[in-house]
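Here's the structure, in structure tokens; my notes come after.
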Number of protein chains: 2
Amino acid sequence: MPKPDLDRIDRNILALLQQDGRMANSDLSQRVGLSPSPCLRRVKALEETGVIRNYVALVDPAAVDLSVSVFVSVTLERQVEERLDAFEAAVVRWPEVLECYLMTGEADYLLRVVVPDLAAYERFLKDHLTRVPGVASIKSSFALKQVRYNTALPLGHLAD
Amino acid sequence: MPKPDLDRIDRNILALLQQDGRMANSDLSQRVGLSPSPCLRRVKALEETGVIRNYVALVDPAAVDLSVSVFVSVTLERQVEERLDAFEAAVVRWPEVLECYLMTGEADYLLRVVVPDLAAYERFLKDHLTRVPGVASIKSSFALKQVRYNTALPLGHLAD
DNA sequence: TCCGAAATTGGTATGATCTGCCAAAATCAG
DNA sequence: CTGATTTTGGCAGATCATACCAATTTCGGA
């Protein structure tokens with residue numbers, strides 16, 4: 001999956017589609033100063049090369065009663081590769097884990113878990129996280145409020 | 001902005017659009033067992049009531065050279081409301097801050113900052129974060145790898 | 001149980017949009 | 001300057017979104 005260099009127009013397209021993934025190609029082409037045909041071709045190329053991973057709808061967590069975010073620091077017993085892979089394989093199977101990062105420092109992993117309430121989080125700990133072999137320590141921090149949640153990568157600063 | 005109750009079909013629509021925000025309404029209607037007309041009407045209603053916040057394209061961070069995620073724990077001097085508001089107002093103006101949460105426990109805020117490299121993160125600290133009045137302490141943790149990044153809220157478990 | 005109002009659904013016609021092609025223009029190397 | 005490659009713009013056919021209307025279903029009150 002080669003990722004060729006992106007010129008000014010490509011980055012402009014990405015910036016706009018990051019804000020509105022359903023923007024009509026006719027609108028998009030106007031904003032980037034192209035006619036619809038080459039604009040659509042660039043978008044398709046960005047999709048096929050994997051620069052654009054996918055398009056999604058963002059849902060209000062409160063509207064579906066999923067407004068509790070928990071950040072979980074997980075330390076494994078020993079950082080042998082096998083253990084890491086097993087943990088990561090488990091993580092991707094749990095839909096409650098929206099994000100997971102392998103971290104520097106003392107904690108090995110940082111997870112963001114989304115649940116409807118604390119009871120559901122307890123169930124997640126008991127039924128899933130603590131059952132993975134090799135988990136040495138778990139530290140939970142709760143988010144009181146989502147001040148900002150943005151999916152758009154900051155492309156502005158590298159505008160030619 | 002009232003958020004009326006969502007039935008099985010609505011949640012099904014949300015689950016599908018969270019996976020593919022550009023799915024054609026004709027496809028969507030088939031999958032949820034409806035004809036195109038009422039299906040589109042439901043989608044529009046979900047948009048207008050704010051259940052669907054927006055549609056976005058997700059971009060591969062590596063393809064645009066933004067593969068460094070830094071988690072920043074920020075403590076303010078005193079948690080007076082005025083200070084919190086000022087900090088939050090600053091945060092939403094910085095495009096590098098993709099996420100920001102008000103946390104329980106010792107640290108007041110947890111931020112996820114996305115930058116191209118460590119030098120850019122240094123600049124972010126020096127030029128922006130440390131200049132906000134009231135910031136008492138800053139602790140940075142670096143992500144070595146993004147194991148999982150999902151934007152779809154887990155709706156499966158509440159399927160009727 | 002029955003009735004009637006309200007909400008939801010399915011179908012259709014219209015307009016907009018996407019898509020694949022071809023020629024023209026621009027870009028680049030030699 | 002020339003020729004090849006890449007990118008662009010416009011056009012035609014197909015697909016899709018949208019706005020209506022009639023038919024069906026749902027639900028509360030009698």
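Residue numbers begin at 1 in each chain, while the letters A, B, ... track the order of the sequences.
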Starting at [atom1] of [X] and ending at [atom2] of [N], how long is that distance when rounded to a whole Å?
X	N	atom1	atom2	value
I13(B)	dT8(C)	CD1	C1'	13 Å
Q30(B)	dG10(C)	CD	P	12 Å
L40(B)	dA13(C)	CG	P	19 Å
L46(B)	dT8(C)	CG	P	12 Å
K44(A)	dC18(C)	NZ	P	9 Å
D27(B)	dC18(C)	CG	C1'	14 Å
L28(B)	dG10(C)	CG	P	13 Å

From L17(A) CG over to N12(A) CG, what is the distance, rounded to the nearest 0.5 angstrom?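 L17(A) CG to N12(A) CG: 10.0 Å, rounded to 0.5 Å.
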So if I take residues 16-25 of chain A and measure heavy-atom distances to DNA chain D, which residues fall below 4.0 Å?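 Heavy-atom cutoff 4.0 Å gives no residues at all.
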Looking only at non-hydrogen atoms, find the nearest pair between P154(B) and L66(A) and report the distance.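 The pair with the smallest heavy-atom distance is O-CD1, 3.5 Å.
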Output yes when a side-chain donor or acceptor of Q18(A) lies under 3.5 Å from a complementary backbone atom of V59(B), and no otherwise.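 No, the answer is negative, given that no donor and acceptor are paired below the 3.5 Å cut-off.
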Can V51(A) be reached from V56(B) by stepping across I, L, V, M, F, W or Y side chains whose heavy atoms are under 4.5 Å apart?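 Per the 4.5 Å side-chain linkage, V56(B) and V51(A) are not co-clustered.
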Suppose the criterion is side chain to side chain donor-acceptor pair (under 3.5 Å): which pairs have a residue in residues 144-154 of chain B, not counting sequence neighbours?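 Counting only pairs at least two positions apart or across chains, the side chain to side chain donor-acceptor pair (under 3.5 Å) contacts touching residues 144-154 of chain B are E88(A)-K145(B), Y101(A)-Q146(B).
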Sequence neighbours excluded, every pair satisfying side chain to side chain donor-acceptor pair (under 3.5 Å) that has a member inside residues 34-45 of chain A: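 Matches after skipping sequence neighbours: D7(A)-R42(A), D10(A)-R42(A).
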For residues 119-128 of chain B, dump all side-chain donor-acceptor pairs below 3.5 Å to protein atoms at least two apart in sequence or in another chain.
{"unit_1": "Y121(B)", "atom_1": "OH", "unit_2": "S140(B)", "atom_2": "OG", "d": "2.5"}

Protein within reach of the bases, or only the backbone? For nucleotides 7-12 of chain D, mark each nucleotide 5' to 3' as B, S or -, using heavy atoms under 4.0 Å. -BBB--
Sequence neighbours excluded, which residues qualify as side-chain hydrogen bond (donor to acceptor under 3.5 Å, both in side chains) partners of S26(A)?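 side-chain hydrogen bond (donor to acceptor under 3.5 Å, both in side chains) list for S26(A), sorted by chain: empty.
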